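Worksheet: one structure, shown below.
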Amino acid sequence: MQAIVLSTYLEMGTVELRGCSAVELGAGTGLVGIVAALLGAHVTITDRKVALEFLKSNVQANLPPHIRTKAVVKELTWGQNLGSFSPGEFDLILGADIIYLEETFTDLLHTLEYLCSNHSVILLACRIRYERDNNFLAMLERQFTVSRVHYDSEKDIYIYKAQKRNQKEDL
C-alpha cells in the first residue's frame with residue numbers, strides 16, 4: 001500500500017525524475033523503482049539477497065526492453081555491503097514501508113547518510129502507527145531536515161522528504 005502511495009506521488013511530477021539517479025531501499029516487489037524507471041530515472045532497486053530473484057523477475061516483467069537498461073537490481077543489506085556503492089551516489093533515495101523494525105533503524109540511518117550527497121532527496125512513505133515510527137522520525141531529524149510533503153488520508157500514509165542539513169531548502 002505504501003509503495004502505491006509513493007508511486008502515485010512520483011507520478012504527480014513533483015520530483016523531476018528524467019535523468020536522475022535513484023535508489024529504492026528495501027524494494028520488496030520493486031514497484032516504486034519500476035515506476036521511477038518508467039518516469040525516466042536511472043534506478044538501482046535494492047533489497048536483501050533473498051528477495052533479488054523475485055525483484056529481477058518483476059523488473060523483467062514490468063519494464064519494456066528499452067527501459068530495462070535504466071533499472072539495476074542490486075543486493076543491499078542496510079549498514080553492511082555499502083562498499084559496492086559510491087558515497088553520495090544518488091540524487092533520489094526512495095523507501096516505502098521500510099520503517100517497522102526498530103533493530104534496523106540505526107543501520108537504515110547509516111545507509112541513508114552514506115548514500116546521500118548534499119543535493120540528494122530522500123522520500124519515505126510510511127504509516128505512523130506506533131511510538132517506534134515517531135522514534136525513527138526523531139532519529140532522522142537529528143541528521144536530516146525532514147518535512148511532510150504528502151498525506152493520503154484514505155490510506156493513512158505519509159510521505160516524508162529528507163535532505164542533509166547543510167543543504168539549501170529550495171530544492
Side-chain angles (χ1 to χ4, degrees), residues 1-86 88-101 104 107-108 111-112 114-117 119-129 133 136 140 148-163 171:
M1 192 64 70
Q2 296 175 37
I4 293 169
V5 172
L6 184 52
S7 296
T8 303
Y9 180 77
L10 294 177
E11 288 177 328
M12 290 177 192
T14 52
V15 178
E16 179 53 64
L17 292 170
R18 278 188 300 279
C20 107
S21 65
V23 61
E24 182 184 6
L25 303 179
T29 64
L31 174 66
V32 174
I34 289 167
V35 168
L38 288 168
L39 293 170
H42 295 273
V43 187
T44 303
I45 303 172
T46 69
D47 211 319
R48 293 171 305 143
K49 190 178 185 102
V50 68
L52 295 185
E53 284 310 309
F54 177 66
L55 259 177
K56 285 176 185 169
S57 65
N58 259 0
V59 167
Q60 194 77 13
N62 292 290
L63 284 178
H66 70 284
I67 294 179
R68 256 182 239 145
T69 57
K70 292 182 173 188
V72 176
V73 173
K74 198 167 172 181
E75 181 182 352
L76 176 58
T77 301
W78 304 333
Q80 292 180 29
N81 55 332
L82 293 172
S84 62
F85 296 87
S86 301
E89 182 176 344
F90 299 100
D91 302 317
L92 183 62
I93 297 157
L94 302 165
D97 198 17
I98 60 173
I99 302 164
Y100 57 89
L101 284 178
T104 65
D107 287 337
L108 175 55
T111 300
L112 291 171
Y114 181 86
L115 295 175
C116 263
S117 69
H119 68 273
S120 301
V121 171
I122 301 166
L123 291 176
L124 299 173
C126 57
R127 258 199 189 110
I128 305 300
R129 294 172 281 216
D133 303 326
F136 178 80
L140 187 67
R148 190 170 76 200
V149 292
H150 182 73
Y151 177 62
D152 184 317
S153 57
E154 190 179 298
K155 295 179 180 75
D156 190 30
I157 295 171
Y158 294 90
I159 296 178
Y160 292 93
K161 174 180 166 183
Q163 297 173 279
L171 292 177

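In this text, all values refer to a predicted model and were calculated from it rather than measured experimentally.
- In this structure, CZ in Phe136 is found 4.0 Å from CG in Leu108, a value given to the nearest 0.5 Å.
- Going from atom OG1 of Thr111 over to atom CD1 of Ile98 covers 9.0 Å, rounded to the nearest 0.5 Å.
- With Arg127 contributing its side chain and Lys155 its backbone, the two residues share a donor-acceptor pair below 3.5 Å.
- In terms of heavy-atom proximity, Ala36 sits nearest to Leu10 at CB-CD1, 4.3 Å.
- In this structure, the separation between OG1 on Thr44 and CG on Leu94 is 11.0 Å, given to the nearest 0.5 Å.
- Applying the salt bridge (Lys or Arg N to Asp or Glu O under 4.0 Å) test to every pair with at least one member in residues 21-43, sequence neighbours left out, gives no pairs at all.
- Between Asn58 and Ile34 the shortest heavy-atom distance is O-CD1, 3.8 Å.
- Heavy-atom minimum distance, Ile45 versus Ala27: CG2-CB, 3.3 Å.
- Of all heavy-atom pairs spanning Val149 and Leu123, the tightest one is CG2-CD2, 4.4 Å.
- Here the CD1 atom belonging to Ile122 is positioned 6.5 Å from the CG atom belonging to Leu124, to the nearest 0.5 angstrom.
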side-chain contact (heavy atoms from CB on, under 4.5 Å) between Leu140 and Leu112, intermediate numbers included: CA-CA 9 Å; Leu140 187 67; Leu112 291 171; 3.9 Å; yes
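- Side-chain atoms of Glu75 do not come within 3.5 Å of backbone N or O of Thr77 as any donor-acceptor pair.
- At a cut-off of 3.5 Å, with distance as the only test, no side-chain donor of Tyr158 or Asp152 sits close to an acceptor on the other residue.
- Within the model, atoms OH of Tyr151 and CG of Asp156 stand 3.5 Å from one another, a figure rounded to the nearest 0.5 Å.
- Side-chain atoms of Ser21 come within 3.5 Å of backbone N or O of Asp91 as a donor-acceptor pair.
- Within 6.0 Å of atom CZ in Arg129, more than 12 heavy atoms from other residues, nucleotides or ligands are found, so the atom counts as buried in its surroundings.
- Other residues, nucleotides and ligands contribute only 12 or fewer heavy atoms inside 6.0 Å of the OH atom of Tyr100.
- Across every non-hydrogen atom of Ala125 and Ile157, the tightest pair is CB-CG2, 4.3 Å.
- Two residues are said to be in side-chain contact when any heavy atoms from C-beta on lie closer than 4.5 Å; Lys74 and Val23 fail this criterion.
- Across every non-hydrogen atom of Asp47 and Gly26, the tightest pair is OD2-C, 3.5 Å.
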Stepwise side-chain contact (heavy atoms from CB on, under 4.5 Å) test for Leu115 and Ser120: CA-CA 8 Å; Leu115 295 175; Ser120 301; over 6 Å; no
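- With rounding to the nearest 0.5 angstrom, the CH2 atom of Trp78 is 8.0 Å from the CG atom of Leu101.
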Verdict with reasoning, Leu17 to Cys20, per side-chain contact (heavy atoms from CB on, under 4.5 Å): CA-CA 5 Å; Leu17 292 170; Cys20 107; 4.1 Å; yes
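- Checked by atom type and distance alone, the side chain of Arg68 pairs as donor or acceptor with a backbone atom of Leu63 at under 3.5 Å.
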